K.L.:
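This structure is in structure tokens; I'll ask about it shortly.
From a predicted model like this one, the values you see are computed outputs, not experimental measurements. This chain uses plain numbering: 1 for the first residue, then up along the sequence.
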Amino acid sequence: MKKKIIVGNWKMSPATPEEAKSIFLKIKRSASRVRGVSVVICPSDVHLMALAKLSSKGNVRVGVQNVFWEDKGSFTGQISPAQAWNAGARYALVGHSEKRKLGETSADAAKKLFAVIRDGMTGIICVGEDTRDKDGNFFALLKDQLLASLAHISRHMLLHSTIVAYEPVWEIGRSDLQAMKSRDVHETAIFIRKVINDAFGPDIARALPILYGGSVSPENAHSIVYEGGVDGLLVGRQSLEPQAFSVIIKSMHPRHARK
Ligand code: 13P
């Protein structure tokens, strides 16, 4: 069975290094008691090095939330993939909807994804529709976004260093009761695998990890993964709550008892 993958996206929180370290250490402690789950925390860049140091001798890895596609040069405010790697990041989120909202295109995301994988990290490429229409036109948009974002990626890169995170934009930041139904997650995961199958072949479609993100909570994590047929979760707010996040990690056990 494939390992489940739980990624925490801390976005622009917390405000101090002390808080970041304290939350991280609590997560590390609970993750050390769980088998069969890869845990990744993507803090903001200012906390990256400190948390990467804490991550040695444990099973929680650290990732970066964004990088630029160039490896060096005069690009004020940007972080290169090599800098992220040297700071300890082993994963990189690419094309998150909150970056896309600020103007990042799939063409930009494609260059970033290539650069992070070239420099040794696993790229987590985020895709997702803004809204859903009854006629299912969002599927075409999702397909375009996915294929455009993977434009520079080889089969080898896809097979070994790429994760797709499906995050419907309209599902981010809601209450867990409003989170996407498992059957809709399932339908979309099948669609994503079909797009990958048609473009890259069945071996890659089978192997590629797909995560779901958007209002994940301890209450819905298990069913989204096991009924939704995805390989893990990309978690926002609840990844800053060590207790809740620990339940989400534990709930990746196939026989996790639901309340
Ligand atoms: P929430 O889990 O807070 O809805 O955020 C989802 C997200 O954007 C993770 O990248």
Side-chain angles (χ1 to χ4, degrees), residues 2-14 23-24 26-28 30-31 34 36-44 59-63 65 91-101 122 124-132 142 163-192 208-259:
K2 275 197 266 178
K3 250 186 164 187
K4 301 295 180 214
I5 304 165
I6 302 291
V7 183
N9 175 9
W10 283 6
K11 307 192 180 185
M12 215 167 67
S13 297
I23 299 170
F24 187 85
K26 287 180 187 151
I27 291 172
K28 186 177 159 185
S30 45
V34 178
V37 185
S38 297
V39 181
V40 181
I41 293 294
C42 298
S44 83
N59 56 355
V60 181
R61 299 276 79 87
V62 173
Q65 293 176 13
Y91 291 78
L93 296 178
V94 177
H96 191 277
S97 63
E98 286 154 14
K99 292 297 293 174
R100 292 181 189 261
K101 223 184 280 172
T122 296
I124 304 172
I125 179 69
C126 306
V127 293
E129 74 280 3
D130 286 333
T131 54
R132 282 204 161 196
L142 197 55
I163 294 171
V164 169
Y166 169 59
E167 289 209 309
V169 179
W170 53 280
E171 280 291 357
I172 295 175
R174 303 175 90 194
S175 84
D176 68 289
L177 294 174
Q178 295 170 304
M180 200 172 201
K181 299 280 169 290
S182 307
R183 63 170 180 277
D184 293 328
V185 174
H186 193 218
E187 183 187 41
T188 317
I190 289 173
F191 177 76
I192 290 173
L208 185 71
I210 300 176
L211 313 183
Y212 167 82
S215 303
V216 170
S217 72
E219 287 73 33
N220 62 25
H222 182 85
S223 62
I224 288 176
V225 168
Y226 284 92
E227 291 162 24
V230 288
D231 303 290
L233 301 163
L234 178 51
V235 186
R237 287 156 296 164
Q238 298 287 298
S239 66
L240 286 148
E241 305 290 339
Q243 259 190 328
F245 197 56
S246 153
V247 177
I248 292 173
I249 296 169
K250 283 187 203 141
S251 76
M252 292 301 102
H253 192 283
R255 289 187 301 280
H256 177 76
R258 275 189 291 154
K259 292 189 194 105

K.L.:
Might you point out which heavy atoms bring Ile210 and Ala189 nearest each other, and give the distance in Å?
P.N.:
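Between these two residues, the closest heavy atoms are CD1-O, 3.9 Å.
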K.L.:
To the nearest 0.5 Å, what is the distance between CG (Leu211) and NZ (Lys4)?
P.N.:
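Those atoms lie 10.5 Å apart.
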K.L.:
Restricting to non-hydrogen atoms, name the atom on Pro218 and the atom on Val247 that form the minimum distance, rounded to 0.1 Å.
P.N.:
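Where Pro218 meets Val247 most closely, the heavy atoms are CB-CG1, 3.7 Å.
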K.L.:
Over all heavy atoms of both residues, which pair between Val216 and Ala221 is shortest? Give the atoms and the distance, please.
P.N.:
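That closest heavy-atom pairing would be CG1-CB, 4.2 Å.
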K.L.:
Using the salt bridge (charged side-chain N to carboxylate O under 4.0 Å, His left out) criterion, which residues pair with Lys181? Sequence neighbours excluded.
P.N.:
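Once residues adjacent in sequence are excluded, Lys181 has no partner under the salt bridge (charged side-chain N to carboxylate O under 4.0 Å, His left out) criterion.
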K.L.:
Kindly compute the distance separating NE2 (His186) from OG (Ser223), expressed to the nearest 0.5 Å.
P.N.:
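The NE2 atom of His186 sits 13.0 Å away from the OG atom of Ser223.
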K.L.:
Can you check whether Ser215's main-chain N or O pairs, donor with acceptor, with Asn220's side chain at less than 3.5 Å?
P.N.:
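Yes, Asn220 side chain to Ser215 backbone: donor-acceptor pair under 3.5 Å.
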K.L.:
Atom CG of Leu240 and atom CG of Asn9: how far apart are they, to the nearest 0.5 Å?
P.N.:
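It comes to 9.0 Å.
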K.L.:
Between Glu98 and Leu93, does a side chain to side chain contact (heavy atoms under 4.5 Å, CB included) hold up when you go through it step by step?
P.N.:
CA-CA 11 Å; Glu98 286 154 14; Leu93 296 178; over 6 Å; no
K.L.:
Please evaluate residues Met252 and Val34 with respect to the criterion side chain to side chain contact (heavy atoms under 4.5 Å, CB included), reporting the C-alpha separation (whole Å), side-chain torsions for both, the decisive distance (0.1 Å), and the verdict.
P.N.:
CA-CA 9 Å; Met252 292 301 102; Val34 178; over 6 Å; no
K.L.:
So, does Trp10 use its side chain to make a donor-acceptor pair with the main chain of Ser44 at under 3.5 Å?
P.N.:
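Such a contact is absent between Trp10 side chain and Ser44 backbone.
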K.L.:
One pair to check against side chain to side chain contact (heavy atoms under 4.5 Å, CB included): Lys28 and Ile41. What are the steps and the verdict?
P.N.:
CA-CA 10 Å; Lys28 186 177 159 185; Ile41 293 294; over 6 Å; no
K.L.:
Between side-chain atoms of residues 167-174 and protein atoms elsewhere (two or more places apart, or another chain), which donor-acceptor pairs fall under 3.5 Å?
P.N.:
residue	atom	partner	partner atom	Å
Glu167	OE1	His96	NE2	2.9
Trp170	NE1	Glu129	OE2	3.0
Glu171	OE1	Met180	N	3.4
Glu171	OE2	Met180	N	3.2
Arg174	NH1	Gln178	O	3.4

K.L.:
Considering residues, nucleotides and ligands other than Lys99, do more than 12 of their heavy atoms fall under 6.0 Å from its NZ?
P.N.:
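Open.
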K.L.:
Which atom names give the shortest non-hydrogen contact between Ile124 and Ala165, and what distance separates them?
P.N.:
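Reported closest heavy-atom pair: CG2-CB, 3.9 Å.
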K.L.:
So which atom in Ser251 and which in His222 form the shortest heavy-atom distance, rounded to 0.1 Å?
P.N.:
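Shortest heavy-atom contact: O-ND1, 2.7 Å.
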K.L.:
Could you go through Phe245 and Val235, starting from their C-alpha distance and side-chain angles, then the distance that decides it, and tell me whether this counts as side chain to side chain contact (heavy atoms under 4.5 Å, CB included)?
P.N.:
CA-CA 9 Å; Phe245 197 56; Val235 186; 4.0 Å; yes
K.L.:
About how many Å separate CD1 of Ile224 and OH of Tyr212, when rounded to the nearest 0.5 Å?
P.N.:
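That separation rounds to 5.5 Å.
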K.L.:
With rounding to the nearest 0.5 angstrom, report the OG to CD1 distance, Ser239 to Ile249.
P.N.:
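If we round to the nearest 0.5 Å, Ser239:OG and Ile249:CD1 are 9.5 Å apart.
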K.L.:
Do Leu142 and Val127 have side chains that get closer than 4.5 Å, going by heavy atoms?
P.N.:
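Yes - at least one pair of side-chain heavy atoms lies under 4.5 Å apart.
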K.L.:
Can you measure from CD1 (Ile6) to CD1 (Ile27) and round to the nearest 0.5 angstrom?
P.N.:
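The CD1 atom of Ile27 is 11.5 Å from CD1 of Ile6, to the nearest 0.5 Å.
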K.L.:
Search all heavy atoms of Ile23 against all heavy atoms of Pro242 and return the closest pair with its distance.
P.N.:
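Result for this residue pair: CG2-CG, 4.0 Å.
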K.L.:
Judged by atom type as modelled, is there a donor-acceptor pair below 3.5 Å linking the side chain of Arg100 to the main-chain atoms of Cys126?
P.N.:
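Present.
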K.L.:
Between Thr188 and Arg132, is there a side-chain heavy-atom distance shorter than 4.5 Å?
P.N.:
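In short, these two side chains touch, coming nearer than 4.5 Å.
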